[in-house]
> 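Got a structure for you, questions after.
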Amino acid sequence: MNWLTYHKQLLKLVETIETLMPSQVSVQDALLRAIQTWEPYINLYGSPGTGKTFVAHVLHHRTALVYFSDPTHYDASVSRESAVVIDNAPPARQEARRLYDRIRWGQKDYTGPRNVILITRQPIDDAVRRIELTLTDTDIVHIENIIRQQFGESNFETISQYDQQRSGLWWYLKTLAQKAE
C-alpha cells in the first residue's frame, strides 16, 4: 500500500471529529468564527504536512465551504452565501491579492462568495486575517494513536522528534507505506 492510499483512507475519516488533532480543532474554530463574522479574506498557512488541507476537507463536509485544490480549478458559479477555500494558493502578496479579487469581484454582477480562504505554506504579507496551523507534541501523540487504531502498530519512535515535527503527517504516511512493502 503506498502513502497515497493511506492518505485517502485517512481522508475518509473526515466525518469523525476525533480525527482532528487539537491544533486542527483550534484552527477549524478560528476559521468558522472568521466565516461567521464575514471576514472576506482569510489566509490559512503552515508547514507542509500539518493538516491544512485536511481541515479544509473537514469544513467542506460539515459546512457550506466549497473546496478547490488549486487556483486554476475555481468555478465561478459558487453561491454568494458560500465560503470558498483555494488550496495551493500563491503566497506572494500581489498574486494573492489578484486571486482574492478575481474570486470576490470577478463576476460582472459582483456576487462572488462572501469569504475566500487561501491555503499557503507561507503567510501572505497583506492586510488579511492570517491563521497559522502548526503541530504540537500533543498533536503528534494524537495522530500516532489514530494511525495505530486505523492501520495497526507502527514503530514511530525510531525517528527523532525534530524530524517528526518538521515533516508532519506526511512522514507518518510514508513510514506506514514503507513498513507495508
Side-chain angles (χ1 to χ4, degrees), residues 1-37 39 42-70 83-89 91 115-125 128-181:
M1 190 181 298
N2 65 27
W3 69 269
L4 188 56
T5 305
Y6 285 112
H7 183 256
K8 287 179 180 176
Q9 194 168 340
L10 282 177
L11 284 178
K12 290 179 184 176
L13 299 174
V14 298
E15 297 301 321
T16 62
I17 192 71
E18 298 82 29
T19 309
L20 289 176
M21 295 178 286
S23 293
Q24 292 172 329
V25 171
S26 295
V27 165
Q28 173 191 261
D29 294 345
L31 286 169
L32 287 172
R33 279 191 304 276
I35 290 168
Q36 290 168 350
T37 59
E39 290 187 45
I42 304 163
N43 173 215
L44 172 58
Y45 71 97
S47 299
T50 56
K52 302 176 300 291
T53 299
F54 192 71
V55 170
H57 281 282
V58 169
L59 288 173
H60 169 72
H61 287 288
R62 295 179 175 205
T63 67
L65 181 97
V66 181
Y67 174 83
F68 295 98
S69 61
D70 186 270
V84 169
V85 64
I86 306 289
D87 208 345
N88 301 302
N115 306 95
V116 178
I117 303 166
L118 299 185
I119 297 178
T120 60
R121 290 183 176 180
Q122 300 296 321
I124 298 170
D125 187 25
V128 299
R129 170 75 188 274
R130 289 184 290 225
I131 300 172
E132 182 179 15
L133 179 55
T134 58
L135 294 179
T136 65
D137 290 341
T138 303
D139 295 326
I140 298 295
V141 170
H142 186 80
I143 195 62
E144 285 177 359
N145 289 335
I146 289 171
I147 287 174
R148 283 186 178 107
Q149 289 170 2
Q150 293 297 315
F151 306 108
E153 196 62 34
S154 294
N155 186 9
F156 298 120
E157 291 76 23
T158 60
I159 302 295
S160 73
Q161 190 71 8
Y162 171 76
D163 287 338
Q164 291 177 21
Q165 186 76 12
R166 185 182 55 159
S167 301
L169 302 176
W170 294 113
W171 175 84
Y172 289 100
L173 295 176
K174 288 177 183 177
T175 300
L176 284 171
Q178 290 168 353
K179 288 183 182 284
E181 292 174 347

> Nearest 0.5 angstrom please: L65 CG to L31 CG, how far?
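Here the rounded value is 8.5 Å.
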> What are the two closest non-hydrogen atoms of G46 and K52, and how far apart are they?
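Shortest heavy-atom contact: O-NZ, 3.0 Å.
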> Is there a side-chain contact (heavy atoms from CB on, under 4.5 Å) between I42 and V128 once you walk through the steps?
CA-CA 6 Å; I42 304 163; V128 299; over 6 Å; no
> How close do L118 and A89 get, heavy atom to heavy atom, and via which atoms?
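The pair with the smallest heavy-atom distance is CB-CB, 3.7 Å.
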> About how many Å separate OG of S26 and CE of M21, when rounded to the nearest 0.5 Å?
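It comes to 11.0 Å.
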> Regarding T53 and D87, do their side chains bring together a donor and an acceptor under 3.5 Å, going by distance alone?
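D87 and T53 do have a side-chain donor-acceptor pair below 3.5 Å.
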> Flag the pair D70 / I86 as yes when at least one side-chain heavy-atom distance between them is below 4.5 Å, and no otherwise.
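They are not in contact (no side-chain heavy atoms under 4.5 Å apart), so the answer is no.
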> May I ask you to decide if L59's main-chain N or O and T63's side chain share a donor-acceptor pair within less than 3.5 Å?
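It does hold such a pair.
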> For N43 and I124, work out which heavy atoms get closest and say how close.
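Result for this residue pair: OD1-N, 2.8 Å.
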> Under the side-chain contact (heavy atoms from CB on, under 4.5 Å) test, which residues partner S23, sequence neighbours left out?
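Testing S23 for side-chain contact (heavy atoms from CB on, under 4.5 Å), a comparison that skips the adjacent residues, returns L133, T136, D139.
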> To the nearest 0.5 Å, how far apart are CD1 in I117 and CZ in R129?
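With rounding to 0.5 Å, CD1 (I117) is 10.5 Å from CZ (R129).
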> For residues R130 and Y45, report the shortest heavy-atom separation together with the two atoms involved.
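Reported closest heavy-atom pair: CB-CE2, 3.8 Å.
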> Does the side chain of V25 come within less than 4.5 Å of V55's, by heavy atoms?
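V55 does not reach V25 side chain to side chain.
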> Which heavy atom of G49 sits nearest to which heavy atom of L135, and what is that distance?
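Between these two residues, the closest heavy atoms are O-CD1, 4.1 Å.
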> Nearest 0.5 Å please: distance from the CD atom of Q28 over to the CG atom of L32.
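If I round to the nearest 0.5 Å, the distance is 5.5 Å.
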> F54 versus L20: any side-chain heavy-atom pair under 4.5 Å?
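Side chain of F54 against side chain of L20, heavy atoms only: contact under 4.5 Å found.
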> Ignoring hydrogens, what is the shortest heavy-atom contact between G51 and Q24? Give both atom names and the distance.
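Shortest heavy-atom contact: CA-NE2, 3.2 Å.
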> First locate atom OG of S47, then atom CD of E132, and finally report the distance between them rounded to the nearest 0.5 Å.
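Here the interatomic distance stands at 7.5 Å.
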